[in-house]
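Worksheet: the structure to be examined is printed underneath.
In this text the structure is predicted, and so the values were computed from the model without any measurement.
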Amino acid sequence: MMNTLNTEESAEKPFRKTGNPVELTSESPLHPRRKSHRIMVGSVPVGGGAPISVQSMTNTLTANVPATLQQIAELTAAGCDIVRVAVPSQDDADALPEICRKSPVPIIADIHFQSKYVFQAIDAGCAAVRVNPGNIRKFNEVGPSICKAATDAGISLRIGVNAGSLDKELYAKYGGPTPEALVASALKEAHMFEDVGFHDFKISVKHHDVITMVETYRLLASKGDWPLHLGVTEAGPAWQGTIKSCLAFGALLAEGIGDTIRVSLSAPPVEEVKVGCKLLEYMGLRPRKFDIISCPSCGRAQVDVIQLASAVTEGLKDVTAPIRVAVMGCIVNGPGEAREADLGVASGNGKGQIFIKGKVIETVPEDQIVDTLLTKAQEIAAQMEADGLVPVNATGPVVVPIQHPNR
């Protein structure tokens with residue numbers, strides 16, 4: 001069985017993302033992290049003060065190994081720490097050994113209904129298995145065997161409940177998927193594993209409603225020191241889901257609650273990772289990477305700020321160097337914000353002042369602002385890469401396309 005460090009031991013040790021020579025922040029600047037015990041998902045520590053990891057899930061057919069590995073590579077490049085794959089069929093289970101062997105990040109197998117796939121996933125080398133005891137047939141009979149197999153393999157499990165799969169008896173008792181009902185379900189599952197001596201698991205209690213989700217995790221966090229996997233389930237399309245996830249995660253992370261996150265969007269999985277990574281950056285839980293500051297559209301602006309910011313963001317979407325670019329459209333806040341950024345522009349009167357590290361280097365006509373910023377940003381990024389200042393797995397900006405009604 002793998003060694004699970006206690007909280008005191010974990011707190012004394014520096015934490016570092018696997019494969020990354022740059023230490024990541026493990027403490028929130030807003031609130032002390034909730035004390036939880038640590039488990040391992042492959043080489044990634046979860047809980048015990050370790051850096052909050054970002055997860056996502058492939059949407060390919062797992063049995064299609066080349067497509068699944070390609071998506072895993074894309075997720076990893078976007079900053080994903082752990083990837084989950086669905087295993088609903090025998091063909092998917094058969095694909096796991098090759099996927100685990102070739103994946104650059106730990107793989108979690110997502111298992112429902114068929115307990116035999118849990119054992120196959122463990123044998124295949126998965127770093128962890130997501131198990132839903134509520135829908136595993138005859139779990140009371142196979143549960144102890146699953147725990148023993150996981151212990152022998154030195155891997156962890158994820159348990160927990162989604163609002164949509166709450167036990168019928170608990171649903172009736174509490175009148176629906178209330179925080180109390182979801183936590184009661186999670187505690188029942190946790191005790192089921194702990195009663196056979198298995199403790200290397202994390203818990204999720206997901207709900208689609210932000211307030212219910214936050215209340216549920218707060219309640220669960222008060223009941224024990226399990227590491228917690230945060231998620232707003234069925235959050236919705238990209239724009240809506242991003243807002244809901246940021247609200248829920250922000251509230252909990254600001255209280256020190258949460259050890260690993262998955263942003264669930266009806267969007268390409270890479271977008272989930274981008275949102276998750278940026279959320280942690282803005283919460284002070286990961287080092288700042290690439291960032292764009294742009295002012296809102298207002299009556300003081302003398303340029304089309306929306307179009308300008310959109311064009312610069314799109315043009316720099318592949319830049320991963322940790323630079324801050326300010327795109328400003330008026331003379332009130334523009335010069336100050338542009339000076340504070342690594343690269344910036346203060347626009348007005350048909351021209352733009354270009355700032356680098358607080359100094360104006362040139363003034364260009366409005367129609368040259370975008371090209372100038374892109375060129376200068378690429379030069380700064382190239383120099384940072386040459387100097388070894390670009391973190392491993394650095395990510396680009398989160399790009400939200402601007403839809404123009406006349407196009």
Would Asp291 and Tyr282 count as having a side-chain donor-acceptor pair, cut-off 3.5 Å?
yes
Here's a test for you: under side-chain contact (heavy atoms from CB on, under 4.5 Å), which of Thr216, Val210, Val214 qualifies with Thr212?
Thr216
State whether the number of non-hydrogen atoms from other residues, nucleotides or ligands found under 6.0 Å of Leu30 atom CG is greater than 12.
yes
Apply side-chain contact (heavy atoms from CB on, under 4.5 Å) to the pair Leu230 and Ile52, showing each step before the final yes or no.
CA-CA 10 Å; Leu230 301 187; Ile52 296 171; over 6 Å; no
Closer than 3.5 angstrom, by distance alone: can the side chain of Ser156 be matched with the main-chain N or O of Met40 as a donor-acceptor pair?
yes
Check the surroundings of atom CG in Leu61: do more than 12 heavy atoms from other residues, nucleotides or ligands lie under 6.0 Å from it?
no
What's the separation between atom CG in Leu252 and atom CD in Glu215, rounded to the nearest 0.5 Å?
10.5 Å
Begin with the C-alpha distance, continue with both residues' side-chain angles, and end with the deciding distance and a verdict on side-chain contact (heavy atoms from CB on, under 4.5 Å) for Val273 and Val263.
CA-CA 7 Å; Val273 175; Val263 176; over 6 Å; no
With rounding to the nearest 0.5 angstrom, report the CG to OG distance, Leu170 to Ser185.
5.5 Å
Side chains of Glu379 and Gln383, donor plus acceptor under 3.5 Å
no
Can you tell me if Glu385 has over 12 outside heavy atoms packed within less than 6.0 Å of its CD?
yes
Please walk me through it: do Thr60 and Asn64 pass side-chain contact (heavy atoms from CB on, under 4.5 Å)?
CA-CA 7 Å; Thr60 57; Asn64 186 339; 5.6 Å; no
Between Asp259 and Arg38 (salt bridge meaning N to carboxylate O under 4.0 Å), is one present in this structure?
no
Across all chains, not counting sequence neighbours, the side-chain contact (heavy atoms from CB on, under 4.5 Å) partners of Asp110 are Met57, Arg84, His112, Arg130
Quick check on Tyr171: does its OH atom have over 12 non-hydrogen neighbours (other residues, nucleotides or ligands) under 6.0 Å away?
no
Between Ser103 and Cys100 (side chain of the first, backbone of the second, donor and acceptor by atom type, cut-off under 3.5 Å), is there such a pair?
no
To the nearest 0.5 Å, what is the distance between NZ (Lys244) and OG1 (Thr242)?
11.5 Å
Carefully, step by step, assess Ile108 and Gln55 under the rule side-chain contact (heavy atoms from CB on, under 4.5 Å).
CA-CA 10 Å; Ile108 297 178; Gln55 303 191 23; 3.8 Å; yes
Does the side chain of Ser165 come under 3.5 Å of the side chain of Asn162 through a donor N or O and an acceptor N or O?
no
Rounded to the nearest 0.5 Å, how far does CD of Glu74 lie from OG1 of Thr58?
11.5 Å
If I take atom CG from residue Leu69 and atom CD1 from residue Ile107, how far apart are they, to the nearest 0.5 angstrom?
8.0 Å
Please state whether the rings of Phe201 and His37 are parallel, tilted or perpendicular, taking 30° and 60° as the class boundaries.
perpendicular
Would you indicate whether Gln90, at its atom CD, is surrounded by more than 12 heavy atoms from other residues, nucleotides or ligands within a distance under 6.0 Å?
yes
For the CG atom of Leu228 and the CD1 atom of Ile261, what is their distance to the nearest 0.5 Å?
13.0 Å
Pair Thr233-Ser264, side-chain donor/acceptor within less than 3.5 Å:
no
